[in-house]
Amino acid sequence: MRTIVHNNVTVGENGHLFFAGMDTTELAEAYGTPVILIDEDRVRARIREYRDTLRACIGESSMPLFASKALSFKELYRIVASEGVGTDIVSPGELYTAVCAGFPMERAFFHGNNKTDADIAYAIQNGIGYFVVDNPEELDAIDTEAGRAGIRQKILLRITPGIDPHTHQKISTGGVDSKFGSAIETGLAERITRMALDKENIELCGFHCHIGSQIFEIEPFVLAADIMIGFLADMRDKLGFTASVLNLGGGIGVRYVESDPEISVTQNVKAICDHVRATCEKHGVTLPTVYMEPGRSIVADAGMTLYTVGSVKEIEGFKNYVSIDGGMTDNPRYTLYQSAYTVLLANRADEPADALYTVGGRCCESGDIIQENVSLPHPERGDLLAVLVTGAYNYSMASNYNRVTRPPVVLLRNGESRLAVRRERFEDLVACDI
Ligand code: LLP
């Protein structure tokens with residue numbers, strides 16, 4: 001069977017696009033458009049790849065912490081919890097969603113470079129497992145709040161290893177000049193470690209780093225692991241502190257278009273873990289529990305967005321536009337990062353393309369583009385247009401610009417579909433208006 005970019009995307013004998021074994025035209029009929037489909041079997045399979053490889057290579061306590069900034073809604077936290085792994089949350093809103101879903105908070109890690117006192121208090125009240133502490137001011141605030149609550153709060157320190165993983169600048173976070181974490185190079189990493197060890201209400205468990213996102217090469221991860229384990233050895237030698245946790249962050253890349261490389265999560269994670277093991281041995285460092293924080297590589301290729309084509313505009317000698325009933329409000333990634341996407345007509349997926357089209361959204365903004373110059377078979381009003389690999393950073397980055405309602409999220413599992421997030425209604429748009 002013909003697959004497109006990923007093996008959960010196929011073309012049926014009726015010429016329709018199938019996703020996770022289901023006819024997308026039937027799903028569009030049942031749920032309306034735009035709609036975000038999530039292949040739950042794929043999400044679970046990816047979580048298990050991370051979980052089982054980490055456990056086998058490092059030990060039973062190691063696991064992935066799903067970076068829920070990539071995709072966040074209650075049912076997804078339940079899915080993550082049911083696979084026995086943890087989650088990375090980055091705001092009190094994500095924390096609230098996880099709490100509402102009954103997520104085991106001891107497996108939740110609270111990130112962010114600017115947690116407010118209220119965020120910290122809220123997280124402690126809800127029994128957050130770990131804070132990943134970004135800076136000295138935050139360390140003080142957590143110590144104070146933990147003291148007030150009468151607990152000793154577990155933390156990791158976010159360290160910037162000083163690596164540029166050759167990715168898009170806006171999503172690269174591991175360099176010395178990053179707004180995140182404490183740099184080894186400037187000495188702040190060591191200072192904040194000393195400070196954390198001196199705090200009465202803080203239990204320092206180890207260190208975290210995250211070097212960036214959508215990284216196809218293995219070298220930057222290996223280099224980051226080298227630097228972090230070197231730092232672990234240094235802190236042991238200088239401060240007598242043995243870290244029991246090393247969190248290597250997320251960032252493994254995902255194939256969006258046929259020209260992107262195919263990435264094996266299992267192979268990548270195994271290569272990183274083998275390197276961690278060998279490097280710990282080299283430095284005589286006790287092998288810590290290893291966490292990773294994948295977001296994109298868990299959910300991206302589990303997603304597809306369906307739209308209905310509205311107007312088709314052929315500007316002779318210039319450009320052809322296809323307008324759809326969604327756009328930057330549900331997928332701002334082309335507007336923000338010029339991200340590549342694979343676009344097809346889902347109801348005529350077997351027809352040959354006749355020309356290049358620019359897919360535009362419905363916002364009153366010329367930058368509202370999903371993709372430029374994609375080959376399509378002469379789209380017409382009423383056709384169903386599919387954008388592939390939209391599971392990560394689409395729904396989670398969606399907005400109500402122009403008071404456009406956000407699409408529903410539908411989970412697909414074992415040939416069945418169920419609503420996980422309903423379509424927004426006009427009443428939702430005015431819910432906060434006085
Ligand atoms: N851990 C930390 C601390 C992070 O900052 C991130 C992503 C992750 C884990 C997950 O990284 P992933 O495995 O998903 O690459 N909005 C951008 C992506 C921003 C990523 C921010 N941090 C995009 O749409 O490409």
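Ligands are counted one by one from 1 in listed order, and the atoms in each one are counted from 1 as well.
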Engineer: Does atom CZ of Arg362 have more than 12 heavy-atom neighbours, drawn from other residues, nucleotides or ligands, at distances under 6.0 Å?
Structural biologist: no
Engineer: With a heavy-atom distance limit of 4.0 Å, tell me whether Glu293 approaches ligand 1 through its side chain, its backbone, both, or neither.
Structural biologist: both
Engineer: Give a yes/no on ligand 1: does Gly251 have at least one heavy atom closer than 4.0 angstrom to it?
Structural biologist: yes
Engineer: For ligand 1, which part of Asp88 has a heavy atom less than 4.0 Å away: the side chain, the backbone, both, or neither?
Structural biologist: side chain
Engineer: Looking only at N/O atoms, are Tyr393 and ligand 1 under 3.5 Å apart anywhere?
Structural biologist: yes
Engineer: Assess whether a salt bridge exists between Asp301 and Arg46, defined as any Lys/Arg side-chain N lying under 4.0 Å from an Asp/Glu carboxylate O.
Structural biologist: yes
Engineer: Could you go through the salt bridge (charged side-chain N to carboxylate O under 4.0 Å, His left out) check for Glu416 and Arg413 one step at a time?
Structural biologist: CA-CA 5 Å; Glu416 296 198 355; Arg413 192 174 194 205; over 6 Å; no
Engineer: Contact between Ala70 and ligand 1, counting heavy atoms under 4.0 Å?
Structural biologist: no
Engineer: Any carboxylate oxygen within less than 4.0 angstrom of a Lys/Arg side-chain nitrogen, looking at Asp52 and Arg48?
Structural biologist: no
Engineer: Could you tell me, atom by atom, which parts of ligand 1 come under 4.0 Å of a heavy atom of Arg296?
Structural biologist: 12 (P), 13 (O), 14 (O), 18 (C), 23 (C), 25 (O)
Engineer: Does Asp330 have any side chain to side chain contact (heavy atoms under 4.5 Å, CB included) partners at least two apart in sequence or in another chain, and if so, which?
Structural biologist: Thr305, Tyr307, Pro407
Engineer: Any side-chain donor-acceptor pair under 3.5 Å between Ser72 and Tyr395?
Structural biologist: no
Engineer: Can you see whether Phe131 has Lys115 sitting over its ring - NZ or CZ less than 6.0 Å from the centre and within 45° of the normal?
Structural biologist: no
Engineer: Which ligand 1 atoms does Ala67 reach within 4.0 Å, using its non-hydrogen atoms?
Structural biologist: 8 (C), 9 (C), 10 (C)
Engineer: Considering only heavy atoms, does Phe180 approach ligand 1 within less than 4.0 Å through its side chain, its backbone, both, or neither?
Structural biologist: neither
Engineer: Please check whether Ser213 reaches ligand 1 - meaning an N/O of the residue sits under 3.5 Å from an N/O of the ligand, judged on distance alone.
Structural biologist: yes
Engineer: Does His208, backbone or side chain, put an N or O under 3.5 Å from an N or O of ligand 1?
Structural biologist: no
Engineer: If you measure every N/O of His111 against every N/O of ligand 1, is any gap under 3.5 Å?
Structural biologist: no
